[in-house]
Number of protein chains: 2
Amino acid sequence: MSAETSAGVDNGGPAVAVLVVIFTVVEGELRVLLIQRSAPPDEGNWAIPGGALIADESLDAAAVRKLAEETGVRDVFLEQLYTFSDLDDSAPGGGAAVTYFALVRNDGVRLAERSAWAPGWFAVNALPVLAFHNERVLEVARARLVSKLEYTNAAYSLLPDFFAMSQLQGIYESILGRKLDKRNFRRRMLASDLLRETQQTAKTGPHRPARLYRFARRTPVEF
Amino acid sequence: MSAETSAGVDNGGPAVAVLVVIFTVVEGELRVLLIQRSAPPDEGNWAIPGGALIADESLDAAAVRKLAEETGVRDVFLEQLYTFSDLDDSAPGGGAAVTYFALVRNDGVRLAERSAWAPGWFAVNALPVLAFHNERVLEVARARLVSKLEYTNAAYSLLPDFFAMSQLQGIYESILGRKLDKRNFRRRMLASDLLRETQQTAKTGPHRPARLYRFARRTPVEF
DNA sequence: TCAAAAGTGTTCCACTTACACCCATGT
DNA sequence: ACATGGGTGTAAGTGGAACACTTTTGA
């Protein structure tokens, strides 16, 4: 288990750490996975999950591994974010933290159950006290997430295969932090060529059933 | 002199290397600075200048230092690009290469004069045989440069303080690799709020003198 | 007076935004 | 029948793209 090496660069350890900012959307809220440090420095504070790069492991592979260790999920949106060298003031001799960000469906996640280095979800608007300078990383991650949403299919990673337009809109509203117009949203999405209409509908209450859509591709699309 | 550690990750060296893709525009051509390797591996091939991160040096500082070592210039557009872990197949145990890209005015540059590890400018459309997988880095750098040009003042770094609209357009055309419409270009630039009109004009030949403009800010602007 | 680059407006189209009502269903 | 969320169209504004002629200067 390598979550103990969470965040930043370990004292005396390897010079390259990989951090993964893991986002999800639950109850209309954008949340991020953090891990509570159980050892100095910054003991008790919360940090972005991460660990050292293993010999001969690529950065992408390390990020995939880290994400799987923390959440059990694979094949989701995962992209490199930025590389920081000055997050951990206490690390001797510097080193670099290569950060990634990922989007996962809340209902697919199995968080590790441990009392030390315990993981937890936090609304990005109500963060706990963070270790190192992780708020800087989260700020960058959030900005990138918003801009990725605008021109990629990133949201596929937050929805089931088939979904109603209103579910998709809810994801967008949660991430962008504002309400969107239903008609304009639908028009824009359908024009984007990211979605495909299906013949399925979902009956979810005392109202008209919603037509279901799926993403044309459920893999990251480069622009 | 640390140019000898050019490109990739040195065998047995530190785990973090910093590479700087240095672009300039000369004679209507986008060119990139490369260094010819004078030792294995890939001896004789050309590589992006770079070197190891010094202890306690930030990544940004290392990039600034590298750029100054190779060109003598400072205070230009310089931005982190991407971090690669799989450029140098021959490096043992992996490691990471944090890449940056910079834009410099050709007439401000003083290249190091050495016969080994000699630097040279190459048109991006006529690259020599590259060491490691540097073509991947250049491809990413070029794409980022194009997109940065669209919504930032990055071009300030390629022009003198005062310049004619046609000079600016020439820079854009060289980087984008296509002709632009004069009227649309001018309108878009003036609407962007990146430029300021000056009262100066330049007489440069048997034709009407051009009004000169300057950038509102000559520092990188975040969006 | 000629050659050369500077400078200038309008039309069309595509896309974004704002905005309000009817539809299908379950209880 | 009513409450609930699903689904639809139009008009105004904005920004990009296409397109050609006049102006100022030096030689």
Side-chain angles (χ1 to χ4, degrees), chain A residues 25 27-28 146-153 155 159-215 223, chain B residues 25 27-28 146-153 155 159-215 223:
Chain A
V25 172
E27 296 167 17
V146 166
S147 78
K148 279 287 165 178
L149 211 56
E150 283 172 5
Y151 64 99
T152 74
N153 63 348
L159 287 167
D161 276 27
F162 292 76
F163 52 87
M165 196 60 82
S166 60
Q167 290 179 277
L168 181 62
Q169 184 172 343
I171 294 289
Y172 272 68
E173 290 177 340
S174 301
I175 293 175
L176 299 177
R178 61 193 162 88
K179 289 287 178 188
L180 300 173
D181 180 89
K182 186 164 41 159
R183 283 166 290 190
N184 294 340
F185 181 79
R186 169 181 295 263
R187 196 188 358 256
R188 197 154 50 82
M189 283 297 143
L190 293 177
S192 75
D193 212 53
L194 296 172
L195 297 188
R196 298 284 176 263
E197 189 175 309
T198 75
Q199 293 318 306
Q200 320 238 18
T201 56
K203 304 182 203 284
T204 59
H207 53 79
R208 180 170 172 178
R211 156 144 287 127
L212 299 184
Y213 296 83
R214 60 184 175 82
F215 277 97
F223 53 101
Chain B
V25 172
E27 296 166 19
V146 166
S147 78
K148 279 288 165 177
L149 210 55
E150 282 171 6
Y151 64 99
T152 73
N153 63 348
L159 287 167
D161 277 25
F162 292 75
F163 52 87
M165 194 61 81
S166 59
Q167 289 179 277
L168 181 62
Q169 184 172 344
I171 294 289
Y172 273 67
E173 290 177 338
S174 302
I175 293 175
L176 300 177
R178 61 192 162 90
K179 289 286 179 190
L180 300 174
D181 180 89
K182 185 160 49 157
R183 281 166 293 189
N184 293 339
F185 180 80
R186 170 183 295 264
R187 193 186 4 255
R188 197 156 49 83
M189 283 298 144
L190 293 176
S192 75
D193 212 53
L194 295 173
L195 298 188
R196 298 285 176 262
E197 189 175 309
T198 74
Q199 293 319 305
Q200 320 238 18
T201 57
K203 304 183 203 284
T204 59
H207 54 80
R208 182 169 170 177
R211 155 144 289 127
L212 299 183
Y213 295 82
R214 58 183 177 83
F215 276 97
F223 53 100

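Naming convention: chains lettered A, B, ... in sequence-line order (proteins, then strands); numbering from 1 in each chain.
If you take CD of A/Glu197 and C1' of D/dT8, they are 13 Å apart, rounded to a whole angstrom. Separating the CZ atom of B/Arg186 from the P atom of D/dC21 is a distance of 19 Å, rounded to the nearest angstrom. Rounded to whole Å, atom P of C/dA6 lies 14 Å from atom CZ of B/Phe163. Separating the CG atom of B/Leu168 from the P atom of C/dA5 is a distance of 18 Å, rounded to the nearest angstrom. C/dT17 atom P lies 12 Å from atom CE of A/Met189, rounded to whole Å. We find that NZ of A/Lys179 is positioned 16 Å from P of C/dA18, with the value rounded to whole Å. In this structure, CZ of A/Phe185 is placed 16 Å from C1' of D/dG5, rounded to the nearest angstrom. Atom CG in A/Leu190 sits roughly 14 Å away from atom P in C/dC15 (whole-Å rounding).
Side-chain nitrogen and oxygen atoms of B/Arg188 include none within less than 4.0 Å of the OP1 or OP2 phosphate oxygen of D/dG16. Of the side-chain N and O atoms in A/Arg211, none sit less than 4.0 angstrom from OP1 or OP2 of D/dG6. Side-chain nitrogen and oxygen atoms of B/Ser166 include at least one within less than 4.0 Å of the OP1 or OP2 phosphate oxygen of C/dA6.
Remark: A/Phe215 CZ to A/Asn153 CG distance equals 6.0 Å, nearest 0.5 Å. One distance of note links CG of B/Leu190 with CE of B/Met165; it measures 4.0 Å at 0.5 Å rounding.
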Going by atom type alone, with no hydrogens or angles, which donor-acceptor pairs under 3.5 Å involve a side-chain atom of residues 204-212 of chain A and a protein atom two or more places apart or on another chain?
from, atom 1, to, atom 2, distance (Å)
A/Arg211, NE, A/Thr198, O, 3.1

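Taking the six-membered ring where the residue is Trp, B/Phe185 and B/Tyr172 present perpendicular rings, their angle passing 60° and hence far from 30°.
Residues A/Arg196 and A/Asp193 come closest through the heavy atom pair NH1-O, 3.7 Å. When all heavy atoms of B/Ser192 and B/Met189 are compared, the closest pair comes out as OG-O, 2.7 Å.
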task = Between protein and nucleotides 19-27 of chain C, map the contacts as a letter string: B base, S sugar-phosphate only, - none, heavy atoms under 4.0 Å, written 5' to 3'.
result = BB--BBBB-
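In this structure, A/Glu173 contributes its side chain and A/Leu180 its backbone to a donor-acceptor pair below 3.5 Å.
Among the protein residues, A/Thr204 comes within range of no part of the nucleic acid, since none of its heavy atoms lies under 4.0 Å from any strand.
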